K.L.:
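The structure that follows is given in the form of C-alpha cells.
Nothing here was measured: the structure is a model prediction, and the numbers come from that model.
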Amino acid sequence: MGWFSRKPRSRLPGDMTRRLEMFGRFEYDTQGSGVDAAEIYPTCIEPVYAYATEDRDGFVAALRTVVADDDGFATYGASCLVVELAGTGVRTPDALALLDAAIEFKRVRRVPSAMLKGYEWERWLEVNGPDSWPDGPVQLPL
C-alpha cells in the first residue's frame, strides 16, 4: 500500500535548479552573464510567484531543499529569489541559511565587500562584525 507513504509533491517546477542557476548568474553579473533579462520574469519569477505569496515560509524551505547540495549559482539565485518575492525582512532559519550561503558564494570568489548588496552586507556585519571581509581583487567567474 504505497499510497499513504508518498512524499508530498513539490510546488516548484521540476527544473527549479536550472531556473535558480539562471537567476543567480543574472543577479551576480547582469551584463556579463549572457542571460537575457527578458527571460528572467517568465522563467524564474512568474512560475513560483503564487507559491511564494501564498506560503512564504514553505516556499523558502522548498528553495533551501532544492539547493541543499549546491554551493554555486543556484544557491545564490535562491537567496536572490527570496528577496525578490518576499523582501529582505524574512528572518526564518531557511531564509537566513540561504542568505548566508549566498554571501559565502561571493566571499569564496573574493568579491570586494563594496559589491555585496546592502542586505548582504548588513547580514555579514551582523554575523561577523566590522573589518572581517577579506577584500581582494574582483573575480567574476561565470
K.L.:
Where the side chain of Tyr51 meets the backbone of Gly58, is there a donor-acceptor pair that is under 3.5 Å apart?
P.N.:
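Flag set: sc Tyr51 to bb Gly58 pair under 3.5 Å.
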K.L.:
Less than 4.5 Å apart, side chain to side chain, heavy atoms only: is that true for Arg123 and Arg91?
P.N.:
yes
K.L.:
Any side-chain heavy atom of Arg56 sitting closer than 4.5 Å to one from Thr92?
P.N.:
yes
K.L.:
Kindly indicate whether the side chain of Val66, heavy atoms from C-beta on, has any atom under 4.5 Å from the side chain of Arg19.
P.N.:
no
K.L.:
Just jot down the side chain to side chain contact (heavy atoms under 4.5 Å, CB included) partners of Asp131, sequence neighbours excluded, or say none.
P.N.:
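None.
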K.L.:
Determine, using the 4.5 Å side-chain heavy-atom cutoff (strictly less than), whether Leu99 and Trp121 are members of one ILVMFWY cluster.
P.N.:
yes
K.L.:
With Arg107, which residues qualify under side chain to side chain donor-acceptor pair (under 3.5 Å), at least two apart?
P.N.:
Glu104
K.L.:
What pairs of residues pass the side chain to side chain donor-acceptor pair (under 3.5 Å) test when at least one of them lies in residues 68-78, not counting sequence neighbours?
P.N.:
Asp70-Thr75, Tyr76-Lys106, Tyr76-Glu120
K.L.:
Consider only side-chain heavy atoms of I, L, V, M, F, W and Y, link residues closer than 4.5 Å, and tell whether Ile103 and Val82 are in one cluster.
P.N.:
no
K.L.:
Does the side chain of Leu12 come within less than 4.5 Å of Val48's, by heavy atoms?
P.N.:
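A side-chain contact exists here, since the closest heavy-atom pair is under 4.5 Å.
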K.L.:
Given the rule that I, L, V, M, F, W and Y join up when any side-chain heavy atoms are under 4.5 Å apart, are Leu85 and Val83 in one cluster?
P.N.:
no
K.L.:
Please examine the side chains of Ile45 and Leu81, heavy atoms only from C-beta on, and report whether any two atoms are closer than 4.5 Å.
P.N.:
yes
